[in-house]
Amino acid sequence: MAYDPAQIEPRWQRYWDEHNTFAAADGAGKPKYYVLDMFPYPSGNGLHVGHPEGYTATDIVARYKRMNGFNVLHPMGWDSFGLPAENHAIKTGTHPRETTRRNIANFKRQLKMLGFSFDWDREVATSEPDYYRWTQWIFTKLYEQGLAYEGEMAVNWCPALGTVLANEEVKDGLSEVGGHPVVRKPMTQWMLRITAYAERLLEDLDELDWPEYIKDLQRNWIGRSEGAEVDFPVQGSERKLRIFTTRPDTMFGATYMVISPEHPWVGELTTDDQRAAVEAYRREAAGKSDRDRQISKEKTGVFAGSYAVNPATGAAIPIWVADYVMMGYGTGAIMAVPGQDERDWEFAEVFDLPILRTVQPPADFDGKAFTGDGPAINSDFLDGLEVTEAKARMIDWLEDKGLGERKVNYKLRDWLFSRQRYWGEPFPLLKFPDGSIRLMGEDELPLTLPAVDKYEAAGTGEGPLATVTEWVEVTDPVTGKPARRETNTMPQWAGSCWYYLRFIDPRNSERAWDPEKEKYWMPVDLYLGGTEHAVLHLMYARFWHKVLFDLGLVSTKEPFKKLRNQGMILGENGDKMSKSRGNVVNPDDVIAEQGADALRLYLMFLGPLERDKPWNTTGIDGVRRFLERMWRLYCDEEDGLSPQVQDVAPNEDQLRLLHKTIHAVTTMTEDLRFNTAISQMMVFVNEMTGMEARPRALLESFALLLAPYAPHLAEELWSKLGHGETLACAPWPAYDEQYLVEDTITVVVQVNGKVRDQLQIARDADPEDVKAAALALEKIGQWTEGKTIVKTIYVPGKLVSVVVK
RNA sequence: GCCGGAGUGGUGGAAUUGGUAGACGCGCUGGACUCAAAAUCCAGUGUUCCUCUGGAACGUGUGGGUUCAAGUCCCACCUCCGGCACCA
């Protein structure tokens with residue numbers, strides 16, 4: 001019989017389903033291993049081949065760990081609140097719940113066809129009330145901790161999407177989803193105080209086994225900088241203008257000040273003769289979108305008319321209003337030090353303001369502002385000190401005189417947590433006319449979404465829920481008072497902030513999760529997903545987790561111990577796969593043609609997991625051929641085993657081949673180097689194909705090695721070898737060191753670094769003998785003849801290097 | 001501009017402790033089987049050159065350097081990708 005995945009694969013999938021092969025038992029007296037994929041948004045397009053790449057990788061690990069005696073938790077679920085279903089509802093009137101459930105069914109069908117060993121009993125969907133009930137509950141915990149607040153501030157408003165967005169969702173002044181322009185608009189919104197955790201989010205990165213560049217992205221995003229806050233007295237006023245600087249050492253060179261156009265003191269620092277100009281400038285700045293501000297970096301600004309006193313020099317320096325200073329960072333005001341700051345230098349040049357160097361640039365320096373290290377000059381008591389020391393001395397001086405203090409600032413802002421959407425978690429609270437708020441109790445949750453007539457935004461900057469009066473305006477059953485519900489909903493990130501905890505105890509109707517189970521399963525041992533979540537999801541989830549940790553609700557500081565990113569599968573032309581480019585590969589088609597095992601194997605064989613890799617249709621033929629060769633290694637033309645499979649003792653060469661293969665596949669699987677593990681399996685099959693007798697014991701071990709990679713074929717071969725049970729928990733083969741080292745080794749012989757000949761030696765040959773033997777070689781003699789041998793180096797087991805002159 | 005990552009045959013990629021560069025796959029060439037084709041199997045396949053059953057030179061983005069030995073380490077660049085970007 002020929003290899004026929006269409007016949008084999010569905011049969012084993014049914015077997016796994018019926019036997020509940022992959023259900024994770026809590027406890028079970030075994031060491032645990034929690035391997036998690038970033039769960040998908042179930043879009044209407046279904047899977048593309050990029051999805052199964054990551055899922056195959058984690059599935060290999062899950063299956064491998066099971067065979068190594070671990071109790072494995074490998075769940076899958078749905079990040080099912082989100083924009084596409086809502087947009088679809090706007091167009092067609094179909095409730096997003098229906099669209100979502102239909103899409104989930106399709107995704108699940110596709111995932112099952114790939115033979116992933118998910119524990120489907122633990123499936124969750126963030127948009128189902130018995131899930132989001134607990135998302136709402138966690139929100140109440142955040143609120144109780146003072147970490148959720150409502151405030152009016154300039155937020156990222158995206159008119160095209162009809163909603164506000166978090167800083168993290170805006171790229172180059174455009175929405176990350178759809179690429180629509182985003183403007184700053186003052187609105188009252190819910191915020192989460194992630195900034196309270198900035199330091200810990202930064203610090204705890206160090207102990208995580210994550211790709212260094214992901215950690216860097218987060219460090220960068222948190223943007224910690226050390227410096228000082230200093231008060232500059234305003235002339236003719238009691239006011240002191242507070243600034244933040246990372247360069248207190250340059251204060252003697254502060255020749256003017258700049259405040260942001262949004263600074264609350266703009267009005268009062270503006271003199272009457274400058275008022276018209278300042279007001280005009282302010283209006284102009286307010287009208288600019290973020291994108292406008294970023295595109296043009298030409299310095300603009302206007303003199304406010306008033307002066308402040310530089311506390312270091314006692315000199316009066318002018319106060320300017322300019323949009324190169326942001327209200328959202330530091331204090332929204334700076335001391336401008338053109339001599340040591342490029343932006344200040346540029347501004348000073350445009351407006352002809354004085355420039356004073358306070359750090360001595362090197363003699364060959366021909367630039368403008370000098371931001372490097374050097375001795376302080378023109379700086380009184382700091383003169384001669386290098387930057388680091390000068391900073392410290394200056395801060396001491398400021399603190400001593402009560403003029404300022406040491407200060408750490410972060411770029412990280414609080415997380416904008418409300419969206420003007422229908423398809424998201426409603427906020428679990430009631431607002432009373434007096435402005436007070438009552439959080440809903442655990443027993444009142446979930447607060448479910450009401451039915452609506454239309455899904456469009458209300459058009460008032462409010463979400464669709466605002467139009468459902470009977471839902472919004474209620475009488476509070478607890479206090480009897482009239483109350484309003486919040487009409488915004490939570491962002492999609494909310495549900496994904498804690499889903500890994502719900503997987504631990506997904507059907508618990510009494511609490512979000514059982515603490516005993518949490519202690520057993522957490523943390524996630526391996527978390528795999530795309531880079532696109534480097535800051536957003538991963539930072540938000542870490543934040544919630546730390547809050548839950550502080551509340552004693554989880555037992556680990558960090559949720560994800562080890563993180564890896566899979567690369568993107570690109571189209572055959574090397575472009576990103578997308579519908580509009582017409583280069584999307586549909587897994588359904590590939591499975592129908594080549595089988596799930598071939599697809600899995602090919603996705604892993606393409607290249608290193610974390611790299612972007614182009615899909616190649618002829619490439620998958622190669623792995624399919626490999627599977628067919630393997631089939632022929634075990635099976636005959638009819639329905640049985642090949643007559644070459646015999647109960648004979650393996651010979652020395654076969655044992656070496658087997659143990660080399662076990663060793664390679666084991667270490668490479670541990671290191672997630674699946675592409676090279678597969679190539680080693682190919683070597684095994686190629687070599688075995690040439691052998692007359694194929695000892696059964698060898699083929700048994702090899703079927704087990706194959707199991708995590710091509711589980712359907714492995715199960716089929718295993719059962720053909722006479723096993724009545726699944727190999728899902730069969731023990732992983734062990735390798736024997738004695739077969740990994742050869743008795744006779746080939747060493748190469750180099751003369752002046754060039755390979756000239758080879759030499760067979762015994763593994764434990766004496767180094768001096770090896771050198772002598774190398775020098776005695778005829779070819780080596782040709783290269784050393786007439787020259788002086790300077791030295792001879794022997795690298796045991798590798799090579800002999802002869803140096804001649 | 002700043003911070004990461006990457007550049008290896010025709011092609012996807014190996015070589016993860018400085019020690020035979022190109023494993024494995026694709027493609028291509030030749031052969032076997034066949035009436036023929038497909039499939040399969042076998043052999044070959046970095047480039048150039050030579051006195052061609054062999055041998056030499058060159059070769060991992062570029063230019064230098066360290067070393068007996070460099071894809072791997074150091075210095076200076078180039079190109080591509082990702083992130084951040086007037087953050088004081």
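Note on naming: letters A, B, ... go to the chains in the order of the sequence lines (proteins, then strands), and numbering restarts at 1 for each one. Note that the structure is predicted; figures quoted are calculated from it, not measured.
You'll find a donor-acceptor pair under 3.5 Å spanning the side chain of A:Ser801 and the base of B:C68, going by distance alone.
Closest to the A:Arg632 side chain, of the nucleotides B:C41, B:C68, B:C84, is B:C41. Listed nucleotides B:C3, B:A56, B:G12 differ in distance to A:Asp216; the shortest reach to its side chain belongs to B:C3.
Note that A:Lys407 lies outside the cation-pi zone of A:Phe244, set by a 6.0 Å cut-off to the ring centre and a 45° limit from the axis.
Taking the six-membered ring where the residue is Trp, the centroids of A:Phe347 and A:Tyr256 are separated by under 6.0 Å.
For B:G25, the O4'-C1' to base torsion is more than 90° from 0; the nucleotide is therefore anti.
Considering only side-chain N and O atoms, A:Arg624 lies nowhere under 4.0 angstrom from the phosphate OP1 or OP2 of B:U40. Of the side-chain N and O atoms in A:Arg673, one or more sit less than 4.0 angstrom from OP1 or OP2 of B:A15. Remark: A:Tyr213 is not in phosphate contact with B:G5, judged by side-chain N or O atoms under 4.0 Å from OP1 or OP2.
The 5' end of RNA chain B is approached more closely, in terms of each residue's nearest nucleotide, by A:Trp783 than by the other of A:Trp783 and A:Gly330. Mapping A:Val535 and A:Thr245 onto RNA chain B by nearest heavy atom places A:Val535 at the nucleotide closer to the 5' end.
The aromatic rings of A:Phe684 and A:Phe702 sit parallel to each other, their planes meeting at less than 30°, with 60° as the upper class boundary.
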